[in-house]
Amino acid sequence: MPVTQVCYLTPIENPSSLPPMPANAIQLRDVTKSYGAHKAVDTLSLTVPSGAIYGFIGPNGSGKTSTIRMILNILEPDSGSIEVLGQTKARTANDRIGYLPEERGLYKKMKVASLLEYYATIKGMPAREARLEGKRWLEKFDLAAWADKRIEALSKGMAQKVQFIATVQTRPELIILDEPFSGLDPVNLEAVRDAILELRAQGATIVFSTHDMAMAEQMCDSILMIYKGQKVLDGSLKSIKDKYGQDTIRLRTDRGADALIDLPEIEYKRDFGNYQEIRVSGDSNDLLAKLLQRARIEQFEITRPSLHDIFVRIAKPQNEDHSHE
Amino acid sequence: MNKILAVAKAEYFVAVRSKAFLVGVFMMPIFMLGGFVAQILLKDQVDKADRLCVIVDQSELMFPLIQKANQWRNENEIFETEENGERKQVRPKFIFESYQSDQDLETIHQELTERVSSKELVGYAIIDKQILDTRRTPERRAIAYHTNTPSFRSLPGWLEYVVNRETQRIRFERSGLDQSLVNELSTPVKLTSLGLVAKVDENGAAQAEENDELRTFAVPIASMFLIFMMIMMTAPALLNQVLEEKTQKISEILIASISPFQLLMGKLLATVGVSVSLSTLYLGAIYGATVYFGFSDLIDPTVYPWFFLFLIISQFMYGSIFSAIGAACNEIKDAQSLMTPAMLIVMIPFFCFSIILQSPNSAFSTGISLFPPATPIIMFLRILLDPGPPLWQLLLGIALTAGFTVFCIAAAGKVFRIGILSQGQTPSIWQLMKWIVSK
């Protein structure tokens, strides 16, 4: 099955013709964007180091897409400055950026190969080179047989892969992927994930926005979380987890979640069925002593919070209040 | 520029390879010419059923004359002789029945109305007692024809002609005038419409070409329709395409690669390419047909460059307006409501072309041909109508339209830039104006 095979990226033919890669692929300083009275992005500053995989997380409507659109100069910020691949002038760097939007956009009536060629030529790639590159990527994703088929004939997963190819076929230095894994089955997901990692290995900087916290945790070097237009988390995964400390207890008892009723020191609890995750305000040993009197303990593990927990903790602080019972 | 051309090339080939284009190439002329062809083919397919009409001849003078004339008609005028010498009936036979009764007029009307309603009669005519009277008041009708099928004009038309002819003849006879002398003295004179005199020959005869109605009216009207047809085939399609790209989120990918203005220009160039290709195809076919049938001088070849110039200008102008509407709207329903005023602008030439045909160089014609949205069609129409507009008007029209087109493209570029990614409610005309004046 070739979908999981190693992807061989075509080396850039004349690297000396390209400007040198700056230390930071993206730098936003105090960027603000409003739509009428609604402030979508509020004095946001961020730095994406070159060559990194940078996760961009946040709940729906938090300002992620607006920020991405400003990076691509699709939208202009009301204030603040944006530097992309060392360029501050609008659209100067756009040909060096690959963009996969959250809502996929493919011409249904176009044939796969023609569509890839079109998307590559408007990025400035010569048509002949675009045809070769498109063909190579289609073979890589086991879609070569579909090159002359119309987009409307493809399955959702196939169309998703075509969209991904359209994003990366021009060998961009910066790749911005908005929910790249949505709609993919596990096999295709694995293929796209491998391709992303290999693009990074070739020197590309990857920014991807996702709601899949497990994927972000697996792949990202750094994470930025935006909430209500403002940055609430920014840094390496390790530093973020360090900040939240080892305050989470993973617990498994023979009474399940019933063992945790009427324990006021529990600040937050989440029931996964087979096990529960809790945070306590006092000494965890005191809690363990109480639990031993109530139930048979099968697992009691003090651990760091997952990215998912951190996300939920920030995005839904009111839920924590409800768990004080 | 390369990116604009990349968009134009892709959109052009998608358009010309589509089934809709191929259908359009063949179907549009069929629809346009189909009416004429159908009329020629169906001209003999008239309803030849006998038509019965009752004559209430209060003059007691006309019915025998009508009968006599009708007998001649039914024996001669309703037939055409075909090439093989066979006589073929091409018109319906008329049968007239005299109404003989002493009933009062109300009863007559009632009875005959019933017969018309039951489709036994096509109608009935009441001929006034004083049909020969020349001092007639409007209330006293000479011939009152009653029918429930007023669109069937051939019988009442024929009846009016015959009664008039016979009435005049009787009047002349009673006045003691010789009918044959009257006929001779009434011989009509004919006016021949000619062009200007090129030269006078040695016999003193003026050398001027006879004006041809086909060249004078048919060619200008057909050419005007061709530009209009091109606008209608491409501009609304452009609107749909932009709207589709917007609703299917393709625009976001495109705008991430090229500027909205580049995208708009690429689309407009593709539209121009499609319309020029189609027009070349049609004009080539028309030229071939005129040469084949020996009418090659029907169209002056110097008008072709003007045709393409005005076609290109109109495509840029209307293409930018329609694509801006597509970019501003989120649903085809909203686009249709915004499209109505744009369609009215496109239709301006059709509201006034008959006036322009009558007097192509009047103040009205000059004014409307210098109004940019109407210039491409109206100015081209004036070029085709002798003596044609003065050069300064032509140049002024082109300059004004070019300026207006640049304004349309710039305004559409702004609407495109803001509208192409906007979601939610479709903007009002006022909001669109704000988008246009925004920095």
Side-chain angles (χ1 to χ4, degrees), chain A residues 35-36 38 65-66 68-76 84 90-111 113-127 130 150-152 159 162-164 166-167 169-170 172 174-178, chain B residues 1-21 237 240-267 269-270 327 330 414 416-425 427 431 434 438-439:
Chain A
Y35 302 105
H38 172 66
T65 302
S66 292
I68 289 173
R69 285 178 173 176
M70 284 191 285
I71 292 169
L72 291 160
N73 208 263
I74 294 173
L75 290 177
E76 284 179 30
V84 181
R91 293 192 169 274
T92 319
N94 273 30
D95 283 356
R96 296 155 62 199
I97 306 173
Y99 174 47
L100 178 82
E102 182 178 5
E103 292 183 86
R104 314 295 185 237
L106 298 171
Y107 291 95
K108 287 178 186 165
K109 298 283 176 195
M110 257 179 137
K111 289 179 179 171
S114 307
L115 180 122
L116 290 176
E117 182 187 330
Y118 176 46
Y119 279 7
T121 50
I122 60 171
K123 280 279 181 197
M125 188 178 242
R150 290 181 193 273
I151 295 293
E152 62 191 354
V162 170
Q163 186 91 58
F164 180 78
T167 308
Q169 63 178 339
T170 54
L174 171 62
I175 300 166
I176 299 174
L177 308 167
D178 202 350
Chain B
M1 190 62 193
N2 285 342
K3 292 190 175 187
I4 293 175
L5 291 177
V7 173
K9 186 182 154 198
E11 302 243 345
Y12 175 81
F13 283 114
V14 166
V16 298
R17 283 174 186 159
S18 68
K19 281 183 193 146
F21 179 84
N240 286 331
Q241 191 192 34
V242 171
L243 189 58
E244 187 191 350
E245 283 174 359
K246 185 176 171 179
T247 52
Q248 293 185 9
K249 313 295 175 191
I250 298 167
S251 312
E252 189 164 352
I253 295 171
L254 300 176
I255 299 300
S257 304
I258 53 176
S259 71
F261 187 75
Q262 285 173 317
L263 181 60
L264 174 66
M265 284 306 292
K267 285 180 179 298
L269 276 181
N330 296 310
K414 284 193 175 178
F416 214 77
R417 181 170 58 88
I418 300 169
I420 200 77
L421 294 174
S422 69
Q423 301 293 327
Q425 207 178 1
Q431 278 172 308
K434 276 170 76 177
S438 68
K439 284 186 180 175

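Chain letters run A, B, ... following the sequence lines, proteins first, then strands; residues in each count from 1.
The part of B/Glu11 that comes within reach of chain A is its side chain, from C-beta onward, which places non-hydrogen atoms under 4.5 angstrom from that chain. Contacts between A/Gln163 and chain B at a heavy-atom distance below 4.5 Å involve the side chain alone, from C-beta outward. Interface remark: B/Glu245 contributes side-chain atoms only to the contact with chain A (heavy atom separation under 4.5 Å). Interface remark: A/Leu106 contributes backbone atoms only to the contact with chain B (heavy atom separation under 4.5 Å). Contacts of A/Tyr107 with chain B are made by both backbone and side-chain atoms, with heavy-atom separations under 4.5 Å.
At least one donor-acceptor pair closer than 3.5 Å links the side chain of A/Asn94 to the backbone N or O of B/Ala256.
In this structure, the ring-ring contact (aromatic ring centres under 6.0 Å, His included) partners of A/Phe164, at least two apart in sequence or on a different chain, are A/Phe141. Residues passing the salt bridge (Lys or Arg N to Asp or Glu O under 4.0 Å) test with A/Lys109, sequence neighbours excluded: A/Glu152.
Contact between A/Lys108 and B/Gln248 at its shortest, heavy atoms only, is NZ-NE2, 3.6 Å. Nearest approach of B/Ala10 to A/Tyr118, heavy atoms of both residues: CB-CD1, 3.3 Å.
Atom CD1 of B/Ile4 is separated from atom CD1 of A/Ile122 by 12.5 Å, given to the nearest 0.5 angstrom. A distance of 7.5 Å separates CD1 of B/Ile255 from CD1 of A/Ile74, quoted to the nearest 0.5 Å.
Using a cutoff of 4.0 Å between basic side-chain nitrogens and carboxylate oxygens, A/Arg69 and B/Glu252 are scored as salt-bridged.
Ranking B/Leu254, B/Ile253, B/Ile250, B/Val7 against chain A, the residue ahead of the rest is B/Ile250, based on heavy-atom pairs under 4.5 Å.
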